[in-house]
Novice: 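A single structure is presented below for examination.
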2 protein chains.
Amino acid sequence: MEARHLRYALALAEHEHFGRAAGALGIAQPPLSKQIADLEREVGTRLFDRTRQGVFPTVAGAAFLSRARRALDEIAAAAVDAARAARGETGRLRLGFIGSALLEPLPDVLGRFGRERPDVRLELHEMATNRSTAALVAGELDLAIGLGRPRGVGAEQLVSVPVGHDHLVAVVSGTHPYAGQPAVDVDQLRRQPLIVASGKDEPAIATALRTLLGKDSPALSGATVARDIHTIIGFAACGVGVGLGPSRMLAAPRPGTWFCEVTPRTPLPDLVLSFTARDRSPALNAFLDVIRTNCPDVGAALDHRLGPRGPQ
Amino acid sequence: MEARHLRYALALAEHEHFGRAAGALGIAQPPLSKQIADLEREVGTRLFDRTRQGVFPTVAGAAFLSRARRALDEIAAAAVDAARAARGETGRLRLGFIGSALLEPLPDVLGRFGRERPDVRLELHEMATNRSTAALVAGELDLAIGLGRPRGVGAEQLVSVPVGHDHLVAVVSGTHPYAGQPAVDVDQLRRQPLIVASGKDEPAIATALRTLLGKDSPALSGATVARDIHTIIGFAACGVGVGLGPSRMLAAPRPGTWFCEVTPRTPLPDLVLSFTARDRSPALNAFLDVIRTNCPDVGAALDHRLGPRGPQ
DNA sequence: GGCTGGCGATACCTGTGAGATATGGCCGGG
DNA sequence: CCCGGCCATATCTCACAGGTATCGCCAGCC
């Protein structure tokens, strides 16, 4: 049985007349008669009563027609759903990101994406950079935002693009001697109790700090370790010491704290967007489009990575 | 888009391999490639990713496949449902009947039909014979059980078969002088207060009584009128008089009453089964089959009415 | 009662397209 | 570098969907 048979049966039921139904279907009457006859033979029952007053479904025909309607609806919906999924209007996007990404690029992008693609299910997973890289390679994520270019096994299959640039800034409590001054020198930091991000969770920042302060700096080894930016700021606000973190921290002002530049200006690993070069889902492309329009420079980098012919 | 495309896409998704899927479908590989390509062109999107490791649905393909599965299920169910409806295993049977039919032929037949055809919705409507005839003609009933051959406009379109034969019997209270005697003569009845069925609801019985007792018998005009058999028996039990009714009454024994024959034996209008000659639904045929096996003589009469080639 | 007109079924022809066979292009493994 | 597996392409063929012509049948209707 083919979809054609269902369409013809429905048209016949609607027009109650072979000739008119055939006309509506754009075919001649004899082929319609034959197709209906074939259908009835296949089902094994007469589906229509041919009377002088018109052609009407039998009891069996009525049962058949209600199923046929649903079947054709499903077929039409299949094409529509597939097209929508291909345009990235539906589906799922699994995003892994380092917590601090919630400060600067994500709120804007997530808000706009949620508005533009309300039917895409966004799955957000906060995780450290090395974990999100592994999850990308394992196919458990579609997109990751982390610190620095992804490293490790399989990282070469990933496309990665920096989003924004960061440098080191310091945060202290409002009562700290540094409060009010625009900058603090790295030499001063060496003699202060420091608060830094965990080297285990964020090796990229830890590496940058070791480079800045010296490989085995006692200031570093004695530093208080915090697992995220908010904790660093919190510690600093309590007067635990001088918090060190990316300039993205400035997007999270907190009363009773003071931010100042660190001299010399020290670039930190960039926030990097990455995803698998193959297997890019339409939802991911849609997300990249949102980023493209939001941050033109990131868009340019993306286009460069994915080839000059545009996305997919 | 045809059902073939859906079947092919599902087979391809299942086997993840063009060659093997084609084999399972009983066709060669190139036609499958072409059909899938045509499908993808029609939907407007690539539905399968061809990799060295196998052929896997894209996101759009997955959305398409889930709809396709449901569509094919509906198509299969359409054929099954139609066949079941044609065999009378599903559907609806609207039965109009005179209340007294619940005494004798109906309990058996309804019980058996309900067991044999649990998925047929039985709609039972108690009504007088002339109303059920009109409802049959108007197409509001599929089957009617009434007294005597149907009369009135359109009655000639009906097929009607008697089920069982009735004669007049009398019912009195256990304390009545007639109680204990096997028979009562019609002449005795003329001098008794009588209880009879309403001539408006059941003209067939009223006519028989007029014939028996005389057209303008004062015993009849002064008789107590009851609307159904149970009321006749109830009146008799209260000593109101001598109840007269069909021998089917014997199926409704009631403590404190006595039934006796009326002499001479007076045949009453038969209980008659009728339905429209055309428009016989499969459920109706199934019901007639049950009657056929339950009452062979009725079956024989049915076969005679519907032609010797059996039902339909 | 014969005539006519409308409708569905049948007969027969035609052209499209589903499917078969043969082959090419591409990549991955030996 | 060659070989083998896999999908795509090219070409042919035949089945069948669909077209035209016609028939059979019944209902009005002069």
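Letters A, B, ... are given to chains in the order of the sequence lines, protein chains preceding strands, and every chain is numbered from 1.
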Novice: Select one nucleotide: of C:dG8, C:dT21, C:dG19, the one nearest the side-chain heavy atoms of B:Tyr8.
Specialist: C:dG19
Novice: Just the rounded figure in Å: distance from C1' of C:dC7 to CD1 of A:Ile36.
Specialist: 15 Å
Novice: Looking at A:His17, does any N or O in its side chain come under 4.0 Å of the phosphate oxygens OP1/OP2 on C:dG8?
Specialist: yes
Novice: Measure the distance from CZ on A:Arg20 to C1' on C:dG8 and round it to the nearest whole Å.
Specialist: 13 Å
Novice: Say you draw a straight line from CG of B:Leu32 to NE2 of B:His15; how long is it, rounded to the nearest 0.5 Å?
Specialist: 10.5 Å
Novice: Nearest heavy-atom pair of B:Leu147 and B:Thr129: which atoms, and what distance?
Specialist: N-OG1, 2.9 Å
Novice: Do B:Phe275 and B:Leu158 come close enough that some side-chain heavy atom pair is under 4.5 Å?
Specialist: no
Novice: Could you tell me if the side chain of B:Leu288 sits less than 4.5 Å from the side chain of B:Leu273, heavy atoms only?
Specialist: yes
Novice: Check whether any side-chain N or O of A:Ser33 sits under 4.0 Å from OP1 or OP2 of C:dG8, and answer yes or no.
Specialist: no
Novice: Tell me: CD of A:Gln35 to C1' of C:dT10, nearest whole Å?
Specialist: 15 Å
Novice: In whole angstrom, give the distance that lies between atom CG of B:Leu39 and atom P of D:dC7.
Specialist: 17 Å
Novice: Let me know the distance between NZ of A:Lys34 and C1' of D:dT20, rounded to the nearest Å.
Specialist: 16 Å
Novice: So, OP1 or OP2 of C:dC7: does either fall under 4.0 Å of a side-chain N or O from A:Arg50?
Specialist: no
Novice: With heavy-atom distances below 4.5 Å as the criterion, would you say the side chains of A:Ile36 and A:Glu40 are in contact?
Specialist: yes
Novice: Pick out the pairs of N or O atoms, protein on one side and nucleotides 22-30 of chain C on the other, that lie under 3.5 Å.
Specialist:
none

Novice: Using a cut-off of 4.0 Å on non-hydrogen atoms, how would the nucleic acid contact of B:Gly54 be classed: base, sugar-phosphate, or nothing?
Specialist: nothing
Novice: Over how many whole Å does the gap from B:Glu16 atom CD to D:dC7 atom C1' extend?
Specialist: 16 Å
Novice: Which whole-number value in Å describes the distance from A:Leu32 CG to C:dT10 P?
Specialist: 14 Å
Novice: How many angstroms lie between atom CE of B:Met1 and atom CD of B:Glu42, to the nearest 0.5 angstrom?
Specialist: 4.5 Å
Novice: Distance from A:Leu47 atom CG to A:Phe64 atom CZ, nearest 0.5 Å?
Specialist: 6.0 Å
Novice: Let me know the distance between CG of A:Leu12 and C1' of C:dC7, rounded to the nearest Å.
Specialist: 13 Å
